[in-house]
2 protein chains.
Amino acid sequence: MPTIKTNRNSTKKEVIINKASKLFREKGFSATSMRDLAENVGVEAASLYNHIQSKAEILQEICFRVANQFMTYLEEMENSKTSSITKLESILRFHIQQMIHNYESVHVADREWKHLTDPYLSNYKTQRKVYRQRLAGIIEQGIQKKEIKKIDAPTAVLIMLHAVSGIESWHRSKQKISAELLEENMVMILVDGLRAS
Amino acid sequence: MPTIKTNRNSTKKEVIINKASKLFREKGFSATSMRDLAENVGVEAASLYNHIQSKAEILQEICFRVANQFMTYLEEMENSKTSSITKLESILRFHIQQMIHNYESVHVADREWKHLTDPYLSNYKTQRKVYRQRLAGIIEQGIQKKEIKKIDAPTAVLIMLHAVSGIESWHRSKQKISAELLEENMVMILVDGLRAS
DNA sequence: CTGCAAAACTAACACTTATTAGTGGGAAAC
DNA sequence: GTTTCCCACTAATAAGTGTTAGTTTTGCAG
């Protein structure tokens with residue numbers, strides 16, 4: 001009788017969530033069945049329910065873990081004593097790195113959160129809104145201090161965040177440039193696009 | 001007995017595809033059932049099949065119509081006698097305008113194409129790849145002519161295209177700035193980020 | 001008014017969906 | 001050696017999936 005392999009000293013629930021992240025990214029939440037997931041984990045579908053409560057719960061865990069990571073880093077930056085443009089660059093780099101190294105779950109949190117159900121859905125939506133507002137706040141500070149050119153801050157946030165999510169294409173491309181080079185190029189374009197000149 | 005309303009002098013198939021675009025964007029392709037779609041059209045699910053061949057066909061129509069529009073405009077720009085940076089700006093503006101006024105279908109083509117099935121899937125993938133390569137080509141010309149700063153062209157393409165898809169957030173936001181202002185802000189940030197200074 | 005094609009309907013098909021109940025095996029605790 | 005508990009199993013459920021067959025209604029052309 002096969003057992004869920006727990007190579008890295010992670011719980012079996014962790015293994016399920018990791019496999020789910022991969023599948024949700026590849027096929028989307030709705031198009032991924034519990035039987036798909038079970039097969040990838042190496043077990044019957046019903047057995048998954050010894051470790052998780054529902055398909056919905058898996059998505060919740062993925063989304064809120066990611067959200068917490070980003071919120072934590074944002075707060076860290078808000079409290080740091082650097083220029084606005086440097087804060088922004090740090091946050092951008094954090095997003096890029098997360099998207100590179102934590103690809104599956106970050107991408108799922110970004111694209112599949114719509115399939116959350118209330119009350120988690122509305123909770124997630126407000127978290128998302130608050131995050132963007134605070135990010136826009138940093139930009140507005142930078143504009144006041146004339147570090148950043150006069151632009152609509154929410155639009156800048158929108159560009160930043162969505163540009164980063166484009167790293168999915170990088171992951172899929174055959175001849176990719178190195179992760180470091182990718183990061184530098186993205187920072188160069190986006191930060192220079194914002195900087196007051 | 002209700003009939004599919006065909007207000008604008010469009011065919012009934014058109015009405016179905018438009019409603020489908022709306023639903024596919026809101027809930028995703030997989031999470032939208034033919035019964036959902038039928039209800040929104042105001043008809044029984046089976047009746048849809050008098051106008052379309054399959055659910056898959058709807059997605060195909062949406063994706064390839066959008067793809068053709070963008071490919072056509074790209075070719076127009078490639079043949080125009082302007083600087084590379086101007087070409088790029090025009091294409092960017094076209095993307096923005098399409099995303100603003102043709103929101104539903106453009107967004108679906110961008111996000112839901114994965115659910116196409118072969119041979120349409122591989123066809124779409126190559127079209128997508130070619131489009132990006134040719135866009136990168138324009139950027140590389142701009143770099144050679146020193147109009148554009150030395151960056152990795154594919155990365156710039158990735159940023160441009162994904163930044164534009166962020167307009168979905170703009171559509172959903174409560175207090176939106178005007179479409180014109182949105183366009184100008186996006187062009188300011190992205191084009192300035194690319195321009196050699 | 002009649003006839004005909006377009007397009008709506010109902011009913012049903014064959015699967016797939018997430019999830020639950022109940023069973024049994026295997027390993028660790030005593 | 002026995003008990004206990006974790007966990008994977010089989011079997012089943014009720015609801016939902018895209019789609020087809022066959023029938024009835026609609027609205028327009030003659």
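It should be emphasised that the depicted structure is a prediction, and the values quoted were computed from it without experimental measurement. Here is how names work: the chains are called A, B, and so on, in the same order as the sequence lines, proteins then strands, and each is numbered from 1.
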key: Heavy-atom side-chain contact between B/Met34 and B/Ile52 under 4.5 Å   = yes
query = Mind checking whether A/Glu75 and A/Met71 have side chains closer than 4.5 Å, heavy atoms only?
reply =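 When only atoms from C-beta onward are counted, A/Met71 and A/Glu75 do touch, with a gap below 4.5 Å.
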Separation of atom [atom1] in [X] from atom [atom2] in [N], rounded to whole Å:
| X | N | atom1 | atom2 | value |
| --- | --- | --- | --- | --- |
| A/Tyr49 | D/dA12 | OH | P | 19 Å |
| A/Gln53 | C/dT19 | CD | C1' | 12 Å |
| A/Lys55 | D/dA15 | NZ | P | 19 Å |
| A/Met34 | D/dA8 | CE | P | 13 Å |
| A/Ile52 | C/dT20 | CD1 | C1' | 13 Å |
| B/Glu57 | D/dT19 | CD | P | 10 Å |
| A/Leu37 | C/dT16 | CG | C1' | 16 Å |
| B/Asp36 | D/dA15 | CG | C1' | 14 Å |

ask   = Would you say B/His51 reaches C/dA6's phosphate, i.e. side-chain N/O to OP1/OP2 under 4.0 Å?
value = no
query = Would you say a side-chain N or O of A/Lys12 is under 4.0 Å from OP1 or OP2 of D/dC6?
reply = no
ask   = Out of C/dA18, D/dC9, C/dT10, which nucleotide sits closest to the side chain of B/Ala46?
value =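 Side chain of B/Ala46 sits closest to C/dT10.
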request  = Please determine, for the side chain of A/Ser47, which listed nucleotide (D/dC9, D/dT17, C/dA7) has the closest atom?
outcome  = D/dC9
ask   = Is there a donor and acceptor pair closer than 3.5 Å between the side chain of A/Asn50 and the base of D/dA8?
value = yes
key: Side chain B/Arg35 and base D/dG18 donor-acceptor under 3.5 Å   = yes
query = Hey, mind stepping through B/Asn50 and B/Ser47 against side chain to side chain donor-acceptor pair (under 3.5 Å) and telling me if it holds?
reply = CA-CA 6 Å; B/Asn50 286 319; B/Ser47 305; 5.1 Å; no
No-hydrogen, no-angle side-chain donor-acceptor test under 3.5 Å, B/Thr32 and B/Asp36 = no
note = On DNA chain C, more 5' by nearest nucleotide between A/Ala31 and B/Glu44 is B/Glu44
request  = Carefully, step by step, assess B/Glu61 and B/Lys13 under the rule salt bridge (Lys or Arg N to Asp or Glu O under 4.0 Å).
outcome  = CA-CA 11 Å; B/Glu61 294 247 3; B/Lys13 183 169 179 174; 3.0 Å; yes
ask   = Looking across every strand, which nucleic acid part, if any, lies under 4.0 Å from B/Ser30 by heavy atom: base, sugar-phosphate, or nothing?
value = nothing
